[in-house]
Amino acid sequence: MSEHVAKIEWHRGVSDDFSNNTFSRAHRWHFDGGTIIDASPSPYIVPLPLSVEAFVDPEEAFIASLSSCHMLTFLTIAAKRKYTVDSYIDNAVGLLDSKEMGKKWVSRVTLYPEVTFSGSHQPSFEQNKKLHQLAHQHCFIANSVLTDIVIKPVF
């Protein structure tokens, strides 16, 4: 078992009117390696100027986390099978939806991994699909959520 931490930090601005719900939602994520990421809700959720479009929003981070976990698992499986991966690019897309009683949730994330292999030992179309199936089965982030995760490799 391992423990993973993140520090989330928000401070009310001097001119923010908290009681009227007109305060900035911009905040920071601090990670143990020293990386700090500016974060904010999506402008689709909290309108500008109370959010910051250029900052990472939790939905984007969730989608990136699923994509990253799938990629890292895929790379490990490919390496164990002696394939050489030169690049892995995914343009992942998440769908924010409503379920019972109007509760919002990320109902589906679709991964579009495009993998470039090199060398004489390359997976067939079916072997490549199997690598993605195995990566999905073993990705612990995917195993932790109710979101429907669809893998559509780009060949």
Side-chain angles (χ1 to χ4, degrees), residues 1-80 85-117 128-129 131-155:
M1 186 165 78
S2 62
E3 182 176 84
H4 304 268
V5 297
K7 175 183 171 185
I8 311 305
E9 182 178 18
W10 172 87
H11 298 280
R12 182 176 58 84
V14 176
S15 62
D16 286 346
D17 189 349
F18 193 83
S19 61
N20 280 332
N21 203 27
T22 56
F23 57 92
S24 173
R25 274 38 167 219
H27 57 285
R28 289 198 160 160
W29 299 342
H30 299 259
F31 297 96
D32 61 2
T35 298
I36 299 172
I37 296 178
D38 290 323
S40 169
S42 166
Y44 296 110
I45 307 299
V46 176
L48 299 170
L50 304 178
S51 62
V52 182
E53 189 171 15
F55 291 1
V56 175
D57 64 62
E59 295 81 13
E60 291 170 327
F62 178 68
I63 293 159
S65 179
L66 285 165
S67 176
S68 181
C69 185
H70 182 87
M71 179 197 69
L72 293 169
T73 307
F74 180 94
L75 294 175
T76 298
I77 293 168
K80 287 181 179 179
V85 176
D86 286 338
S87 68
Y88 182 112
I89 301 169
D90 184 6
N91 293 300
V93 177
L95 177 65
L96 187 65
D97 205 350
S98 295
K99 59 181 181 177
E100 65 273 354
M101 294 194 280
K103 290 183 179 180
K104 298 278 188 196
W105 73 305
V106 179
S107 61
R108 182 177 51 229
V109 171
T110 304
L111 306 181
Y112 296 96
E114 183 174 356
V115 183
T116 303
F117 296 90
N128 196 353
K129 280 179 44 179
L131 290 171
H132 284 290
Q133 289 170 350
L134 289 169
H136 180 63
Q137 289 172 8
H138 294 287
C139 170
F140 46 85
I141 302 294
N143 290 330
S144 302
V145 300
L146 298 175
T147 300
D148 182 30
I149 302 165
V150 179
I151 317 296
K152 293 186 174 183
V154 177
F155 298 107

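FYI, the numbering just counts along the sequence from 1.
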Has the side chain of [X] got a donor or acceptor atom that lies under 3.5 Å from a matching backbone atom of [Y]?
X	Y	result
Asn143	Gln137	yes
Thr35	Phe31	no
Ser40	Val52	yes
Ser98	Lys104	no

Salt bridge present between Arg28 and Asp38 (N-O < 4.0 angstrom) =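 Yes, Arg28 and Asp38 are salt-bridged.
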
Atom of [X], atom of [Y] and distance for their closest heavy-atom approach:
X	Y	value
Ile77	Ala135	CD1-N, 3.6 Å
Phe117	Leu131	CZ-CD1, 4.3 Å
Val106	Thr147	O-OG1, 2.7 Å
Val85	Ala78	CG2-CB, 3.9 Å
Leu48	Ser51	CD2-O, 3.3 Å

ask   = Just checking, any donor-acceptor pair under 3.5 angstrom between side chains of Thr116 and Asp86?
value =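 Note: Thr116 and Asp86 side chains miss the donor-acceptor criterion.
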
Roughly how far, to the nearest 0.5 Å, is [atom2] of [Y] from [atom1] of [X]?
X	Y	atom1	atom2	result
Lys152	Glu114	NZ	CD	15.5 Å
Asp16	Leu50	CG	CG	8.0 Å
Ser67	Leu111	OG	CG	5.5 Å
Cys139	Leu66	SG	CG	6.5 Å
Asp97	Lys99	CG	NZ	10.5 Å
His70	Ile149	NE2	CD1	9.5 Å

Could you tell me whether the side chain of [Y] reaches within less than 4.5 Å of the side chain of [X], counting heavy atoms only?
X	Y	result
Ser42	Val46	no
Val115	His132	yes
Pro113	Tyr88	yes
Ile63	Ser65	no
Leu72	Phe74	no

query = Do Asp17 and Phe23 pass the side-chain contact (heavy atoms from CB on, under 4.5 Å) test, and can you show the C-alpha distance, the side-chain angles, and the key distance before you say yes or no?
reply = CA-CA 6 Å; Asp17 189 349; Phe23 57 92; over 6 Å; no

Heavy-atom count check: over 12 atoms from other residues, nucleotides or ligands less than 6.0 Å from [X] [atom1]?
X	atom1	result
Glu53	CD	no
Tyr44	OH	no
Leu146	CG	no
Lys80	NZ	no
Phe140	CZ	no

Verdict with supporting geometry, Asp57 and Glu60, side-chain contact (heavy atoms from CB on, under 4.5 Å) = CA-CA 5 Å; Asp57 64 62; Glu60 291 170 327; 3.2 Å; yes

Taking distance alone, no hydrogens or angles, what donor-acceptor pairs closer than 3.5 Å link side-chain atoms of residues 1-13 to residues at least two apart or in another chain?
| unit_1 | atom_1 | unit_2 | atom_2 | d |
| --- | --- | --- | --- | --- |
| Ser2 | OG | His4 | NE2 | 2.8 |
| Glu9 | OE1 | His30 | NE2 | 2.7 |
| Glu9 | OE2 | His11 | NE2 | 2.9 |
| Trp10 | NE1 | Ser24 | O | 2.8 |

task = Show the numbers, then the answer: is there a side-chain contact (heavy atoms from CB on, under 4.5 Å) between Glu59 and Ile45?
result = CA-CA 10 Å; Glu59 295 81 13; Ile45 307 299; 4.3 Å; yes

ask   = When the ring planes of His27 and Trp29 are compared, do they come out parallel, tilted or perpendicular, using 30° and 60° as the limits?
value =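 Judged by the thresholds at 30° and 60°, the geometry between His27 and Trp29 is tilted.
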
inquiry  = What verdict does the side-chain contact (heavy atoms from CB on, under 4.5 Å) test give for Asp90 and Met71, after you've listed the backbone C-alpha separation in whole Å, the side-chain angles of each residue and the deciding distance to 0.1 Å?
reply    = CA-CA 8 Å; Asp90 184 6; Met71 179 197 69; over 6 Å; no

